[in-house]
Amino acid sequence: MLIRVPDRAAQPLASEITPAPVYRNRRLLLQALAASAAVGTGLAAHGSDGAAALKATPSTVPGALTMEKPTAREDATHYNNFYEFGTDKSDPARYAGKLRTDPWSVEIDGLVHKPGRFALEDLLRLAPMEERIYRLRCVEGWSMVIPWIGYSLAQLLERVQPMGSARFVEFTTLADADTMPGVRGRVLDWPYTEGLRLDEALHPLALLAFGMYGEVLPRQNGAPLRVVVPWKYGFKSAKSLVRIRLLEQRPATAWNKAVPREYGFYSNVNPAVDHPRWSQATERRIGEDGLLAKRRPTLPFNGYEAQVGPLYAGMDLRRDY
Ligand code: MTE
């Protein structure tokens with residue numbers, strides 16, 4: 001069953017998230033985090049256009065640092081899918097400015113021994129920040145290469161101690177009609193939800209991202225934190241996360257509910273399985289848009305087969321798309 005967060009009235013009050021003296025002193029807290037950057041994690045001085053810089057060290061997770069040239073930051077922050085702000089690629093950059101990311105917390109519940117509500121400040125300190133350069137392949141046939149900052153989702157999941165009966169993870173993202181104009185429409189059944197099998201979520205390449213291009217995430221890219229699952233179509237990478245729930249049964253997901261024939265639960269990047277309305281064999285790399293630019297061949301599991309292929313041993317990925 002989906003848990004709806006239809007409007008701001010249903011959102012947690014700041015005072016429910018963080019003790020009052022703490023959130024009132026948020027500025028001091030951020031300064032403390034800046035100081036902690038000296039030991040390799042946390043927010044530091046201000047980056048390019050006023051965004052806080054986020055320090056990270058290059059990831060040592062196998063496959064986490066593609067050598068491909070990153071997409072221009074301008075393209076990655078102005079060609080977005082974030083339907084809560086509208087369906088046009090330029091809508092998120094245009095309308096996401098009103099999204100309030102402070103205070104922010106993530107509820108973790110369901111089949112875990114240590115459920116709880118985690119304040120963003122605590123999540124920022126939970127594990128050392130790593131830089132990961134991932135390809136992102138959208139189901140629509142375009143791709144980007146993005147230098148993300150974050151740590152493996154597994155590091156958070158292990159903290160809450162999944163129960164033996166937990167098999168799936170559900171991600172729920174913010175749906176605030178006051179600040180997200182798209183939520184007033186009915187393109188999807190809000191809030192946007194996604195899901196992974198627990199072993200997929202525990203794979204070290206599954207990333208909890210807080211930043212990109214050396215800075216905290218811009219709002220249109222899913223601030224203040226999102227999931228990034230590089231071997232799956234981009235829609236699995238849920239933005240502006242507010243809840244993580246561990247379940248025994250497979251959760252419903254927003255795109256699968258909207259168009260089940262087109263969007264399955266697994267959604268592994270697979271050039272051999274066409275979308276019902278178009279081929280998935282090739283992709284357009286954003287930024288390579290000249291008249292003579294060639295489409296690139298799409299790779300199985302978006303090029304991460306060596307790392308994640310064993311998760312799907314014995315499965316028929318044409319049926320389980
Ligand atoms: N998360 C939310 N909450 N809402 C969305 O509409 N779109 C998805 C995914 N996460 C989406 C979302 C899709 S279709 C893609 S391709 C990626 O975000 C795009 O991420 P980017 O805009 O940062 O490149």
Side-chain angles (χ1 to χ4, degrees), residues 2-5 70-96 99 101 104 106 132-150 170-177 179-196 206-213 215-244 253-259 262-264 267-269 275 280 283-287 298 302:
L2 290 171
I3 305 299
R4 289 177 174 278
V5 189
T71 301
R73 183 185 183 280
E74 181 70 10
D75 286 338
T77 56
H78 289 82
Y79 189 89
N80 300 106
N81 276 335
F82 201 165
Y83 277 21
E84 287 84 337
F85 294 105
T87 53
D88 195 273
K89 296 285 179 277
S90 60
D91 285 342
R94 190 171 300 147
Y95 300 119
L99 174 69
T101 58
W104 193 278
V106 178
R132 309 221 182 154
I133 307 178
Y134 283 171
R135 285 177 291 275
L136 179 129
R137 168 64 157 82
C138 180
V139 74
E140 296 162 343
W142 51 266
S143 61
M144 298 193 195
V145 174
I146 297 185
W148 300 106
I149 298 171
E170 177 192 60
F171 304 98
T172 303
T173 75
L174 185 71
D176 176 14
T179 54
M180 298 172 134
V183 171
R184 292 173 222 143
R186 294 183 172 270
V187 194
L188 290 171
D189 185 13
W190 310 110
Y192 193 101
T193 60
E194 256 309 333
L196 294 172
L207 178 70
L208 197 59
F210 300 85
M212 60 195 275
Y213 296 89
E215 297 171 357
V216 298
L217 282 175
R219 288 175 167 77
Q220 62 266 37
N221 292 87
L225 80 163
R226 68 178 291 175
V227 179
V228 184
V229 194
W231 68 96
K232 293 181 180 277
Y233 290 118
F235 67 87
K236 299 297 281 184
S237 296
K239 294 174 165 185
S240 303
L241 198 59
V242 293
R243 184 178 183 198
I244 299 177
T253 60
W255 280 105
N256 181 248
K257 278 198 302 176
V259 205
E262 299 188 4
Y263 307 108
S267 303
N268 290 313
V269 174
H275 183 279
Q280 293 290 22
E283 66 202 54
R284 178 172 68 98
R285 180 63 54 82
I286 299 299
T298 286
N302 200 22

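Just follow the structure's listing: the first ligand is 1, and inside any ligand the first atom is 1.
- Each of T172, L174, V106 was scored for a side chain to side chain contact (heavy atoms under 4.5 Å, CB included) with R243, with one residue passing: T172.
- For the residue pair K89/N81, the side-chain donor-acceptor check at 3.5 Å is satisfied.
- For ligand 1, the atoms lying closer than 4.0 Å to a non-hydrogen atom of N80 are 21 (P), 22 (O), 23 (O).
- Evaluated by nearest non-hydrogen atom to atom 8 (C) of ligand 1, the leading choice among Y233, Y192, F171, F82 is Y192.
- Residue, atom and distance of the protein heavy atom nearest to atom 6 (O) of ligand 1 are Y83 N, 2.8 Å.
- Minimum heavy-atom separation, A209 to W148: CB-CE3, 4.2 Å.
- At least one N or O atom of N221 sits closer than 3.5 Å to an N or O atom of ligand 1.
- Tested against M212, the residues P218, P70, P147 include a single side chain to side chain contact (heavy atoms under 4.5 Å, CB included) partner, P218.
- Expressed to the nearest 0.5 Å, how far CH2 of W190 lies from CZ of R184 amounts to 12.0 Å.
- Counting protein heavy atoms only, atom 3 (N) of ligand 1 is closest to E84 OE2, 2.9 Å.
- In terms of protein heavy atoms, atom 17 (C) of ligand 1 is closest to G234 O, 3.5 Å.
- When only non-hydrogen protein atoms are considered, atom 1 (N) of ligand 1 lies nearest to K239 N, 3.1 Å.
- The protein atom (non-hydrogen) at minimum distance from atom 16 (S) of ligand 1 is C138 SG, 3.4 Å.
- Under the 3.5 Å distance criterion, with hydrogens and angles disregarded, no donor-acceptor pair is assigned to the side chains of S143 and R137.
- In this structure, CH2 on W142 lies 10.5 Å from CG on D75, to the nearest 0.5 angstrom.
- At a 4.0 Å heavy-atom cut-off, ligand 1 touches T173 through the side chain alone.
- Between F235 and Y233, the ring planes lie parallel to each other; the angle is under 30°, not in the 30° to 60° tilted range.
- The nearest protein atom to atom 7 (N) of ligand 1, hydrogens excluded, is given as N81 O, 3.3 Å; this is a heavy-atom distance.
- Taking any N or O of W148, backbone or side chain, none lies under 3.5 Å from an N or O belonging to ligand 1.
- Among protein heavy atoms, atom 23 (O) of ligand 1 sits closest to R226 NH1, 2.8 Å.
- Not one N or O of Y79 is nearer than 3.5 Å to an N or O of ligand 1, by distance alone.
- For atom 10 (N) of ligand 1, the closest heavy atom belonging to the protein is S237 O, 2.8 Å.
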Applying salt bridge (Lys or Arg N to Asp or Glu O under 4.0 Å), run through K239 and E84 and close with a yes or a no.
CA-CA 10 Å; K239 294 174 165 185; E84 287 84 337; over 6 Å; no
